[in-house]
Amino acid sequence: MKGLLEICYLIGSVTFIVGLKMMGNAKTARKGNLIGAFGMTIAILGTIFLFRTEHTTPSAFKLVLIFGAIAIGTAIGWLTAKKVEMTKMPELVSMFNGMGGACAALIGLTEFQHNIGNPTALSFIVAGMVIGTISFSGSIIAYLKLSGKLDKPIRLPQYNMLNNIVLLAIVVFAVFVIIKSTGLPLAIIWVLFAVAIVYGVLFTIPIGGADMPVVISLLNSFTGLAAAFGGFLYDNKPMLTGGILVGSAGTLLTLAMCKAMNRSLTSVIFGAFGGGSAAASGDSVTGTIKDIQVSDLAVLLNYSKKVVIVPGYGLAVAQAQHVIHELEKLLEERGVEVKYAIHPVAGRMPGHMNVLLAESNVEYEKLVEMEDINPEFEQTDVVLVVGANDVVNPAAKTDPSSPIYGMPILEVDRAKHIIVNKRSMSAGYAGIDNLLFYDPKCSMFFGDAKKALTELVAEIKTL
Amino acid sequence: MKGLLEICYLIGSVTFIVGLKMMGNAKTARKGNLIGAFGMTIAILGTIFLFRTEHTTPSAFKLVLIFGAIAIGTAIGWLTAKKVEMTKMPELVSMFNGMGGACAALIGLTEFQHNIGNPTALSFIVAGMVIGTISFSGSIIAYLKLSGKLDKPIRLPQYNMLNNIVLLAIVVFAVFVIIKSTGLPLAIIWVLFAVAIVYGVLFTIPIGGADMPVVISLLNSFTGLAAAFGGFLYDNKPMLTGGILVGSAGTLLTLAMCKAMNRSLTSVIFGAFGGGSAAASGDSVTGTIKDIQVSDLAVLLNYSKKVVIVPGYGLAVAQAQHVIHELEKLLEERGVEVKYAIHPVAGRMPGHMNVLLAESNVEYEKLVEMEDINPEFEQTDVVLVVGANDVVNPAAKTDPSSPIYGMPILEVDRAKHIIVNKRSMSAGYAGIDNLLFYDPKCSMFFGDAKKALTELVAEIKTL
Amino acid sequence: MEIFDFFVQNREMIYFIILAVFVGIEVIGGVPTVLHTPLMSGANAIHGVVIVGAIIVMLDTEPDNIFGLALGFLAVILGTLNVVGGFVVTDRMLEMFKKK
Amino acid sequence: MEIFDFFVQNREMIYFIILAVFVGIEVIGGVPTVLHTPLMSGANAIHGVVIVGAIIVMLDTEPDNIFGLALGFLAVILGTLNVVGGFVVTDRMLEMFKKK
Ligand SMILES: NC(=O)c1ccc[n+]([C@@H]2O[C@H](COP(=O)([O-])OP(=O)(O)OC[C@H]3O[C@@H](n4cnc5c(N)ncnc54)[C@H](OP(=O)(O)O)[C@@H]3O)[C@@H](O)[C@H]2O)c1
Ligand SMILES: NC(=O)c1ccc[n+]([C@@H]2O[C@H](COP(=O)([O-])OP(=O)(O)OC[C@H]3O[C@@H](n4cnc5c(N)ncnc54)[C@H](OP(=O)(O)O)[C@@H]3O)[C@@H](O)[C@H]2O)c1
């Protein structure tokens with residue numbers, strides 16, 4: 001039985017590696033995910049039916065409980081995951097991540113009593129419990145922020161120092177519990193649990209909502225670490241492999257995300273910008289801007305040869321993905337070539353625009369990546385920027401003092417006409433002005449993206 | 001002591017991984033190699049001074065012997081590696097690889113007697129010995145072939161079947177020795193050794209000289225495997241890490257090499273082509289070819305704006321790297337823009353052209369990779385193909401029946417004039433005709449590359 | 001020295017961790033930006049393997065320890081949510097990315 | 001079953017091998033063609049670690065076993081050739097590739 005179980009565990013471990021590898025490539029990604037799920041199933045079923053030690057007391061009742069719990073979890077998880085709108089994906093990932101963290105925390109909370117006086121086991125238990133708990137409460141805050149229920153970053157005075165003090169306290173407390181476990185009241189672990197919850201909240205709450213994808217990725221690798229500690233405790237290979245893999249891959253992924261946004265992880269965590277409240281550097285600009293009327297814009301678009309649409313965060317906020325697809329189809333009918341220019345960090349999560357536009361059934365071929373579309377702007381008649389700002393800000397190329405300096409951008413100023421749709425002159429995620437709007441070739445088309453584009457579509461139809 | 005040794009071993013193992021990783025990137029490659037060498041030194045010194053078990057009988061005499069052997073090996077290895085010409089590198093790698101294989105074989109030969117009756121240890125010993133020996137004798141043959149001392153593939157009748165029979169015999173023999181070791185004469189291991197030597201020769205000897213880089217890479221991963229078996233035997237981590245790493249990385253590298261040449265590993269080993277003796281498929285071509293006189297060519301080049309040189313295997317054979325550099329400098333002085341177009345598998349080993357031209361101090365910036373130079377041919381006045389053939393053969397793009405079909409090529413036919421220097425109309429490595437030579441834009445400039453180019457340079461100087 | 005003893009005793013584990021970390025890092029290297037979100041989500045599903053620990057807790061708990069069983073029950077539910085939700089959401093996301 | 005016993009007893013080793021193979025494969029993935037030759041040569045130097053085995057043979061051989069010592073001596077020389085020659089030749093090759 002032990003042998004068979006270990007083989008199940010080997011299958012699980014290997015599928016995690018192979019699956020994760022395949023997920024890194026667009027062509028194999030979906031299959032990779034399924035392979036991971038398959039290995040997970042093997043590991044879970046193996047554990048239920050084959051895991052037997054001198055401590056286990058398997059019984060029919062327990063099996064019913066376990067399968068009952070799995071059934072409940074599967075039903076809720078499956079339905080939520082299937083039902084939720086595409087644009088709500090990040091908060092859902094955050095929520096599921098929090099559940100994993102809570103699971104790790106509960107394991108630590110129950111195992112504590114059985115391992116009093118065994119510092120090695122206790123250090124795994126306490127570490128897994130604390131990290132899992134932080135991941136849990138942090139993820140819940142991240143969820144609330146992303147779903148808009150907690151939209152402003154809340155910053156206590158001196159929050160960075162405060163957080164570090166709380167963290168230090170947790171570490172000291174944890175070490176004390178591990179070393180002096182014998183004689184301490186069992187409830188002490190619940191106190192540690194409570195403090196860890198508080199820390200998770202304190203850690204996440206000052207960070208701006210827009211930085212949440214990075215934070216979720218970080219908390220994700222925390223949960224991986226918590227799972228790995230569980231693996232140490234039980235000398236369980238799939239928990240170890242899966243946990244360490246996600247811990248290290250997740251850390252690298254977090255850094256890669258930061259890099260794509262041209263930010264450092266510390267500036268995300270300690271909030272250099274991102275909530276809009278911190279002062280952004282970079283020169284402030286003045287100049288004159290031009291407006292364009294919907295009727296003029298309709299004519300301009302209608303008689304263009306080639307139009308490129310640059311979608312950004314505002315498109316997602318306004319939920320204008322359907323109307324933009326309508327506009328695109330309309331123009332195509334009139335013989336205009338229309339493409340979408342996809343900046344890698346447009347929106348608030350990587351791939352945000354792809355997911356958003358896929359939802360409204362825009363053809364995949366029409367979505368062109370930054371590197372491929374940039375040379376095409378030269379031959380473009382009209383660039384229509386919808387709710388994007390930072391990703392078309394020329395300061396990234398020209399102004400070394402700008403916080404986004406060095407980020408590659410969509411070079412829309414090479415096109416003949418630039419039309420920008422947004423509600424006002426206010427800044428985007430990076431909180432900085434955009435010189436593009438003052439470009440003589442640029443006209444502003446103010447208004448909420450959904451409303452404005454609906455009018456535009458109606459206007460074009462009258463032509 | 002054991003603890004310190006294990007830490008040395010950990011350092012060694014990790015540097016192998018990190019070093020190999022860094023070697024995969026042009027920027028960090030050199031540092032990666034040094035890191036590997038550093039870790040190796042630590043592992044070796046650690047073993048000499050800290051490896052002590054109940055079997056070890058360290059003594060001053062032994063230390064003298066060990067350091068003496070290391071000194072001899074270092075002196076010979078260092079001098080050979082430093083002295084040899086750049087173009088002789090592949091045979092040198094082959095030779096050093098063979099030495100590693102022989103070392104693994106000797107370990108097996110001495111350890112055999114100490115482990116009679118212990119099938120687990122014996123299986124590691126015999127496997128390491130046999131694989132190391134095959135790698136040894138195979139590498140020596142590869143060395144001889146590359147250095148031209150054995151230039152024709154030698155094919156016994158039915159050599160593929162013969163080889164498989166010998167291999168099967170070795171496996172059966174080895175299993176027998178492992179299981180029935182007690183009572184067998186000790187010399188039996190030497191018999192196995194002899195048979196393995198024969199197999200290594202038989203395995204390598206039918207393969208064409210041009211395929212040797214692939215074979216060396218394969219034998220390289222064999223030696224890695226042999227080292228790993230040594231690691232199993234001694235439960236030695238750096239031997240295990242290094243061996244498995246090289247075994248798996250080497251196998252992948254071998255496949256990558258084959259892929260770059262558009263061949264399969266089996267066709268290399270079983271000799272579909274590559275010795276020039278096997279019949280090549282692909283349509284044979286007829287048509288008229290044009291000659292160009294050295295005086296006309298001198299004028300043509302002298303009054304061009306942009307010349308691209310395509311070096312190939314023939315340049316290496318003729319050792320014409322210095323005179324081509326002279327030609328390049330001369331033309332540059334006359335105001336002609338000159339670049340080299342480097343095909344990834346031009347020559348007979350990956351990077352062959354880079355190494356060759358670096359030897360004659362051609363600037364690195366002038367060497368342009370295939371993907372980058374292909375779009376430039378349109379604006380090129382003259383393409384000068386020197387001793388290259390397959391890498392400019394349009395059949396790779398147009399003729400699905402050609403053995404090189406699908407290999408990306410240098411698209412020289414987009415240039416205004418094509419001049420091809422080679423000695424005759426004979427085929428290159430793939431053994432197929434080249435339609436390019438019949439292109440109306442193409443003129444042949446026959447002759448040995450070194451001789452012909454020397455004349456050309458002299459002629460240009462008179463203008 | 002104690003650190004050396006620790007090292008010798010836990011040698012296998014240390015190599016395992018190092019190799020697994022390398023694999024984790026290598027596996028992610030060079031992933032295109034658009035795949036970051038599904039990859040994050042896929043990794044999220046994989047750490048749901050913590051559910052294996054929750055099942056072990058359930059199996060190990062004495063049959064009359066109601067509180068322990070209740071905690072384990074909850075842990076299994078949470079772990080399942082992580083696993084099932086994670087894989088399903090990733091699959092849905094990746095469905096969006098596939099070329100038609 | 002015997003295979004299961006073998007598996008349980010050698011579990012650490014099996015995971016070690018699998019992870020090391022993955023690392024080896026991943027580390028090479030996507031290497032540009034021009035680096036194939038130096039990489040082959042660098043890998044060649046690394047498997048020279050077999051010299052560690054040769055040194056162990058020397059240390060283990062009884063001091064009066066001249067033949068054994070001679071074989072070990074030869075093995076150490078060969079191993080050193082592999083290591084030193086391998087690293088030096090790789091360094092020379094890579095020197096050629098560096099941008100000036
Ligand atoms: N993709 C990721 O992974 C990720 C993650 C975190 C952060 N980020 C960061 O997010 C930024 C993304 O750039 P982006 O250009 O997409 O967005 P952005 O720079 O944040 O700008 C969005 C713009 O949309 C406008 N807007 C908001 N609601 C709108 C509505 N209902 N209708 C029309 N316009 C609306 C806003 O201007 P008004 O208020 O004037 O309308 C705002 O200037 C980058 O700085 C990136 O680094 C990206
Ligand atoms: N780079 C690698 O890793 C590697 C390894 C193994 C195989 N290969 C294969 O090797 C081929 C390389 O292509 P390639 O275009 O470089 O070479 P090639 O196709 O082998 O052609 C070389 C040509 O050079 C001519 N030549 C020989 N000696 C010469 C001399 N002294 N002076 C002038 N010309 C001379 C020969 O024609 P004449 O006899 O008429 O002069 C021959 O046609 C590819 O097929 C590739 O797959 C590459």
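In what follows, chains carry the letters A, B, and so on, assigned in the order in which the sequence lines appear, proteins first and then strands, with residues in each chain numbered from 1. Nothing here was measured: the structure is a model prediction, and the numbers come from that model.
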Chain B contact via [X] - side chain, backbone, both or neither, heavy atoms under 4.5 Å:
{"X": "Phe22(D)", "result": "neither"}
{"X": "Ala54(D)", "result": "both"}
{"X": "Val83(D)", "result": "side chain"}

With a 4.5 Å cut-off on heavy-atom pairs, point out which of [options] contacts chain D the most.
{"options": "Leu245(B), Asn97(B), Ile48(B), Thr110(B)", "result": "Asn97(B)"}
{"options": "Gly230(B), Ser217(B), Ala260(B)", "result": "Ser217(B)"}
{"options": "Gly351(B), Ala69(B), Gly36(B)", "result": "Ala69(B)"}
{"options": "Lys27(B), Glu54(B), Met89(B)", "result": "Met89(B)"}
{"options": "Thr74(B), Ile17(B), Val355(B)", "result": "Thr74(B)"}

Are [X] and [Y] side-chain neighbours, meaning at least one heavy-atom pair lies under 4.5 Å?
{"X": "Met13(D)", "Y": "Asp235(B)", "value": "yes"}
{"X": "Leu35(D)", "Y": "Met23(B)", "value": "no"}
{"X": "His114(B)", "Y": "Asp60(D)", "value": "no"}
{"X": "Ile55(D)", "Y": "Ile44(B)", "value": "yes"}

What closest approach, in Å, do Val84(D) and Gly77(B) show between heavy atoms, and which atom pair accounts for it?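 Closest approach of Val84(D) to Gly77(B): CG1-C, 4.4 Å.
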Taking all non-hydrogen atoms of both residues, which atom of Gly24(B) and which atom of Val31(D) are closest, and how far apart?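 In terms of heavy atoms, the two residues are closest at CA-CG2, 3.8 Å.
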Please look at [X] and chain D and tell me whether the side chain, the backbone, both or neither of the residue comes under 4.5 angstrom of a heavy atom of that chain.
{"X": "Tyr9(B)", "result": "side chain"}
{"X": "Tyr234(B)", "result": "side chain"}
{"X": "Asn25(B)", "result": "backbone"}
{"X": "Pro238(B)", "result": "both"}
{"X": "Thr53(B)", "result": "side chain"}
{"X": "Met40(B)", "result": "side chain"}
{"X": "Ile66(B)", "result": "both"}
{"X": "Ser59(B)", "result": "neither"}
{"X": "Lys83(B)", "result": "backbone"}
{"X": "His352(B)", "result": "neither"}

Between Asn220(B) (side chain) and Ser41(D) (backbone), is there a donor-acceptor pair under 3.5 Å?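 No; zero donor-acceptor contacts below 3.5 Å.
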Check: Lys82(B) side chain, Val88(D) main-chain N or O, donor-acceptor pair, under 3.5 Å: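 No; judged by distance alone, with no hydrogens or angles, the pair does not exist.
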Residue among Val76(D), Leu74(D), Ile46(D) with most heavy-atom pairs under 4.5 Å to chain B: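 Ranked by contacts with chain B, first place is Ile46(D).
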In terms of heavy-atom pairs under 4.5 Å, which option from Leu71(D), Asp91(D), Ile25(D) contacts chain B the most?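 Sorted descending by pairs with chain B, the first entry is Asp91(D).
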Let me see the working for Asn33(B) and Met93(D) under side-chain contact (heavy atoms from CB on, under 4.5 Å), right down to the final yes or no. CA-CA 11 Å; Asn33(B) 185 50; Met93(D) 265 190 234; over 6 Å; no
In this structure, which one of Val246(B), Ile216(B), Thr254(B) forms a side-chain contact (heavy atoms from CB on, under 4.5 Å) with Met40(D)?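 When Val246(B), Ile216(B), Thr254(B) are each tested with Met40(D), the side-chain contact (heavy atoms from CB on, under 4.5 Å) holds only for Ile216(B).
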Pair Leu252(B)-Val27(D), side-chain contact (heavy atoms from CB on, under 4.5 Å): steps then yes or no: CA-CA 10 Å; Leu252(B) 203 72; Val27(D) 147; over 6 Å; no
